[in-house]
**Student:** 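What follows is a single structure, and I will ask about it in a moment.
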There are 2 protein chains.
Amino acid sequence: MNKTISDIASIAGVAKSTVSRYLNGGSVSENTRRKIEHVIKEHHYVPNTFAQSLKARKTNIIGTVVPRLDSFASSQTLIGIDEELRNVNYHMLISNTSQDFEREIEAIYNFARQKVSGIILLAAQVKEEHLTAIKECVVPVLLVGQQHPDLHSLIHDDYKAGYMMGRHILEKGHRRIAYLGVTEKDISVGVRRKEGFKKSLEGSSCYVQYYETGFKMTDAMVTTAHILDEYDPSIIVCATDNIALGVMKAASVKQIDIPRDLSVTGFGGYDVTEIVHPALTTVQFQYKEAGKRAAQNIVRLVREEEIEDVTMMDFVLHDRESVDKQ
Amino acid sequence: MNKTISDIASIAGVAKSTVSRYLNGGSVSENTRRKIEHVIKEHHYVPNTFAQSLKARKTNIIGTVVPRLDSFASSQTLIGIDEELRNVNYHMLISNTSQDFEREIEAIYNFARQKVSGIILLAAQVKEEHLTAIKECVVPVLLVGQQHPDLHSLIHDDYKAGYMMGRHILEKGHRRIAYLGVTEKDISVGVRRKEGFKKSLEGSSCYVQYYETGFKMTDAMVTTAHILDEYDPSIIVCATDNIALGVMKAASVKQIDIPRDLSVTGFGGYDVTEIVHPALTTVQFQYKEAGKRAAQNIVRLVREEEIEDVTMMDFVLHDRESVDKQ
DNA sequence: CTGAAAGCGCTTACAG
DNA sequence: CTGAAAGCGCTTACAG
């Protein structure tokens, strides 16, 4: 495991350039090929990747910057990226930033030092510093989950998802609606979903109140208490599954029966939404497929092939038990 | 970003060895220090890690082999490892094997090629090939979640957890018990938990039936149907939270009220267990802390400091709503 | 087909 | 404190 190409060469009685050629598929006579092959097997020789990369001045590594490891969306996306990258002979390197902005920027520079050939960026917001870092590092970047005019990106169709959800609950007869969203700093989740939702309601005779809460389930539980105090909606449309779960928990604490007394919907399509009782009506995004697609796109970018500026992923609306017919 | 140490040296008008010395904290006069600093800043110079590692013949990278990315236990452990490693100036590299044995072995060799200074192995089973790979790669390894005589390991106290769970449900008055376990190939989950549980029941007057199912929620749902057909337990003790959720789902489908008609418990302490209704009685393992501890241990191993062969992590039993008093 | 040599970007004794 | 030189393990023209 600690032999070098020179060792192998001298044991096999050839020049190291010949071994290198053997390794890289250059022309080698059948005879020397066998000799080298044998020596390599015997000594379990594996080339030192650093030396290789130093020469090549690039790697077949794609760095992925991820805000958190413990979310369904993140892990599914990562799995997709990893699987697809493996298919095309690339490796994935993960850098978790724990939702810390500084670390995100740092991660980009670190990846550049490690000479990754491309970076997939899962970020909730793209700031000036991101752009600067990307420019300085001269490395292809694919933004996933958000959109930005200066960057190639891959997004879920949040607007349409919001729209479809609106149509859906309207069809179910709901007219007193609470929409429980998140900060507008998050364009996809905070703005797009809500905008799509609003749009679907245009011209209908319903009444909507908009609320904002945090991403955590506990935040949602607290906010739900407020909502229920001041307003009596027939349904709470939540911007994420997590928030919806918080609403459900808050309701169960208050002995409010879902969906009889109150309907709830989410967005995301997390596995749990099927498990909880009642099963949650939600929009399921295709995270794993998005990951695969992201991998394909970044590799194209690395190879300087053309890709569309924005790749849009589809979704599925699951009509389940948490919404009652009014 | 693409300048080399030579560039910096010539621009600053010094030798590259001086720049290197500056970079590595060697003695440099105040004057040259300023010059170099200025040039580096201006050109955004960052040393090439490959060249560095090539010289150093090692890195400050710890490779982590993980069977899956989409489990609560995995992600929490990874987060813990990452956080702690960052504190001690190491980096984490993740290799996901999607529970594919071949890939696990491959990952070890790959990490070795990349000259990681240590490997943290989250594996359900340790086979001969693992040991061979580890031996050949001459790299420190820490096994997490399982135990093996030839390896340093960090484990959760599954035996004691099983034992405590047994005591707990006995105290609650349960006497007709079903234990829904998993394959004994998984020593921690399949054997230890069950053994501890069995032990706690010794001398008590209860009746227990042991069943086996897969790790997936859907497997558990199917098995639960069988159990309920042939046996009428007052409680089903499940080897994992996932399985317990499957049981709960199966029960809700059959209109069986939990905990009134049937009690359920899990192991793991996943976040969802608090969300579902009724909240699940379970043992919460300290995954994140385990990750941190694992990071500390592997670094000690890398530095050739002493650590105990087996590090045992503690747990907390959460007494919640899914278990009824009999 | 094969080998000697140069060079990738760094670090580390060794002189001065 | 500073610089010239050698070397880490590989690859790639260039000759032969």
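Being a predicted model, the structure only gives us computed values, none of them experimental. Numbers restart at 1 for each chain; the letters A, B, ... are given by sequence-line order, proteins then strands. All values below come from the heavy atoms of this structure, side chains included, with hydrogens, waters and symmetry mates left out.
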**Student:** Sequence neighbours left out, what pairs pass salt bridge (charged side-chain N to carboxylate O under 4.0 Å, His left out) with at least one residue falling in residues 117-135 of chain B?
**Tutor:** none
**Student:** What donor-acceptor contacts under 3.5 angstrom involve side-chain atoms of residues 11-22 of chain B, with partners at least two apart or in another chain?
**Tutor:**
residue : atom : partner : partner atom : Å
B:Ser20 : OG   : B:Asn24 : ND2          : 3.4

**Student:** What string of B, S and - do you get for nucleotides 4-13 of chain C 5' to 3' if you count protein non-hydrogen atoms under 4.0 Å?
**Tutor:** B--BBBBBB-
**Student:** Please convert DNA chain C into dot-bracket. A pair counts if it is Watson-Crick or G-U wobble with both distances under 3.5 Å; crossing pairs go in [ ] and bases paired with another strand get |.
**Tutor:** |||.||||||||.|||
**Student:** Specify the residues of residues 28-38 of chain A, ordered by number, for which at least one heavy atom lies under 4.0 angstrom from an atom of DNA chain C.
**Tutor:** A:Val28, A:Ser29, A:Thr32
**Student:** Between CD1 of A:Ile298 and OG1 of A:Thr64, what distance do you get to the nearest 0.5 Å?
**Tutor:** 8.5 Å
**Student:** Could you check whether any side-chain heavy atom of B:Ile187 comes within less than 4.5 Å of a side-chain heavy atom of B:Arg192, counting everything from C-beta outward?
**Tutor:** yes
**Student:** Test ring pair (Phe, Tyr, Trp, His ring centres under 6.0 Å) on A:His156 and A:Tyr287 and set out the steps.
**Tutor:** CA-CA 9 Å; A:His156 298 280; A:Tyr287 296 112; 5.1 Å; yes
**Student:** Not counting sequence neighbours, which residues clear side-chain contact (heavy atoms from CB on, under 4.5 Å) with A:Glu102? List them please.
**Tutor:** A:Asp100
**Student:** Would you say the side chain of B:Gln52 lies within less than 4.5 Å of the side chain of A:Phe50, judging by non-hydrogen atoms?
**Tutor:** no
**Student:** Over 60° means perpendicular and under 30° means parallel, so classify the ring planes of B:His130 and B:Phe101, tilted if in between.
**Tutor:** perpendicular
**Student:** With side-chain contact (heavy atoms from CB on, under 4.5 Å) as the test, pick out the partner of B:Ile108 among B:Val116, B:Ile119, B:Thr132.
**Tutor:** B:Ile119
**Student:** I'd like to know if the side chain of A:Ser153 and the backbone of A:Val144 have a donor-acceptor N/O pair within less than 3.5 Å.
**Tutor:** no
